[in-house]
Amino acid sequence: MSRDPFDLVRDWFAAFNRGDLPALRGLYADGAVVDADEERWQGSDAIAAAWDARFSAWAPGFGGGTRRRLRMVGRVDTGVMRAEWVERESRDGGRQVRERTGVSDFELAGSRITHQREAAREGVRVTSAEGPLVHGSERPAGAVALTPRQYPPRPVVGVGAVIVEAGRVVLIRRRFEPLAGQWSLPGGTLELGESLEAGVAREMHEETGLEVEVGPVVEVFDRILLDAEGRVRYHFVLIDYLCAPRGGALQAGSDVDAAVWAAPSDLSEYRLTAKAIGVIQRALNSLPEL
């Protein structure tokens, strides 16, 4: 029985990020072809060997041992599955780091990949791992929010996170409306063509400076705010995820005034909304141990 093509592509990225060669090989048909970096690899054994050489030459560059962050998975009218991603890798003990965006097209037959095309666009190259990379490359051209936040013609999708480490959670104080000057969970709006998980990872980096591993959904809810005339000024559908930090350092991003690690016993000091406290408690209760 054929597998869901979206799941198959996501499984490929999961295996790629783990460096799991047997799992990668198992996703290709025996006579599969990969066109990557002006090279052609044919046959599942040759493809696995080529990826092995790549893994030997370059180490994962994102926190938590991740090479590629999947930004979007979609199906083209022709039936090809297309994935947009951001890649970061390092070598020479971290003295050389490269970051680039790219697109992978997958042709599938049943539950196997028959043809894969890799189109990478060079982003930022630095010679020191201490130098920050420009994360603007995580937003391919055209990835813009088309729906205004205020008085939107339709609900706006927002993503947020309960980032947990050692029993503490990240809180941010918002700089802009809605909730300007108030403490809350970090989050923001999803961009056109961006997957939920990619949006969470991007927003967390932009607002907190942290690289996060995106876990399960904690809660989905909506928030509708009216103006004095009863018109809908804001209408958000919010999806909060449980996340774990895997790199970076906590700092206030451009959209926030402050960012802190807070213990659950201290949440009352930040005058969070009842909903935010409920989401945090639900996330903490989902952990096996704090």
Side-chain angles (χ1 to χ4, degrees), residues 1-18 20-21 23-44 46-48 50-51 54 62 66-89 98-123 135-147 153-159 188-203 214 217 237 239 241:
M1 184 175 65
S2 297
R3 296 177 56 201
D4 179 82
F6 288 85
D7 289 342
L8 195 154
V9 171
R10 290 180 182 276
D11 286 347
W12 185 93
F13 277 88
F16 181 85
N17 281 322
R18 295 194 309 269
D20 189 339
L21 291 171
L24 277 176
R25 186 192 182 286
L27 292 173
Y28 290 101
D30 290 341
V33 173
V34 174
D35 291 309
D37 298 327
E38 300 182 353
E39 297 181 5
R40 169 165 282 203
W41 315 327
Q42 187 158 7
S44 55
I47 293 170
W51 286 128
R54 166 75 172 277
F62 286 113
T66 299
R67 295 174 182 273
R68 284 185 181 178
R69 286 187 167 170
L70 185 58
R71 183 183 179 275
M72 179 273 289
V73 178
R75 180 159 45 202
V76 184
D77 287 343
T78 59
V80 171
M81 296 299 297
R82 173 162 295 175
E84 293 183 2
W85 41 264
V86 180
E87 181 179 79
R88 187 190 298 171
E89 296 177 307
R98 74 174 181 182
E99 181 169 303
R100 56 187 185 171
T101 61
V103 173
S104 297
D105 283 346
F106 298 88
E107 295 180 19
L108 311 177
S111 298
R112 295 291 183 271
I113 300 166
T114 58
H115 194 179
Q116 178 178 350
R117 299 178 185 86
E118 298 273 296
R121 299 183 292 275
E122 292 297 332
H135 287 267
S137 61
E138 295 191 19
R139 299 190 183 195
V144 295
L146 299 181
T147 303
R154 59 187 57 85
V156 177
V157 178
V159 289
T189 57
L190 198 67
E191 295 181 346
L192 182 66
E194 184 176 46
S195 70
L196 291 166
E197 294 84 353
V200 174
R202 173 183 56 77
E203 284 289 347
V214 181
V217 172
V237 176
I239 308 169
Y241 286 78

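All heavy atoms count here, side chains included; hydrogens, waters and symmetry mates do not.
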Review point. Any salt bridge between Arg69 and Glu99, counting N to O under 4.0 Å?
Key: no
Point to revise | Charged N-O contact under 4.0 Å between Arg54 and Glu118 | key: no
When rounded to the nearest 0.5 angstrom, what distance separates [atom1] in [X] from [atom2] in [Y]?
X	Y	atom1	atom2	value
Phe106	Leu8	CZ	CG	8.5 Å
Leu24	Asp11	CG	CG	10.5 Å
Ile113	Asp105	CD1	CG	12.0 Å
Tyr28	Leu108	OH	CG	11.0 Å
Ser104	Arg82	OG	CZ	10.0 Å

Is it the case that the side chain of [X] and the backbone of [Y] share a donor-acceptor pair, with hydrogens and angles ignored and the cut-off at 3.5 Å?
X	Y	value
Arg18	Thr66	no
Ser195	Arg71	yes
Asn17	Arg68	yes
Asp37	Glu39	no

Work out which heavy atom in [X] is nearest to a heavy atom in [Y]; give both atom names and the distance.
X	Y	result
Ala48	Leu21	O-CD2, 3.5 Å
Phe6	Gly74	CE2-CA, 4.0 Å
Leu70	Ala83	CD1-CB, 3.7 Å
Ala23	Ala15	CB-CB, 3.9 Å
Pro5	Arg75	CG-NH1, 3.5 Å
Val237	Pro155	CG2-CB, 4.0 Å

Review point. Can you list the steps and then say if Glu194 with Met72 is a side chain to side chain contact (heavy atoms under 4.5 Å, CB included)?
Key: CA-CA 5 Å; Glu194 184 176 46; Met72 179 273 289; 5.9 Å; no
Check your understanding: Can you check side chain to side chain contact (heavy atoms under 4.5 Å, CB included) on Leu196 and Tyr241, steps first, answer last?
Key -> CA-CA 10 Å; Leu196 291 166; Tyr241 286 78; 3.2 Å; yes
Review point. Less than 4.5 Å apart, any side-chain heavy atom of Arg40 and any of Val33?
Key: yes
Exercise for review: List the steps, then state whether side chain to side chain contact (heavy atoms under 4.5 Å, CB included) holds for Met81 with Val73.
Suggested key: CA-CA 7 Å; Met81 296 299 297; Val73 178; 3.8 Å; yes
Review point. Side chains of Asp35 and His115: donor-acceptor distance under 3.5 Å anywhere?
Key: yes
Review point. Without hydrogens or angle criteria, can the side chains of Trp85 and Glu87 be said to hold a donor-acceptor pair below 3.5 Å?
Key: no
Practice item. Determine, step by step, whether Arg10 and Glu197 satisfy the side chain to side chain contact (heavy atoms under 4.5 Å, CB included) criterion, reporting the C-alpha distance in whole Å, the side-chain angles of both residues, the deciding distance to 0.1 Å, and the verdict. Key: CA-CA 11 Å; Arg10 290 180 182 276; Glu197 294 84 353; 3.9 Å; yes
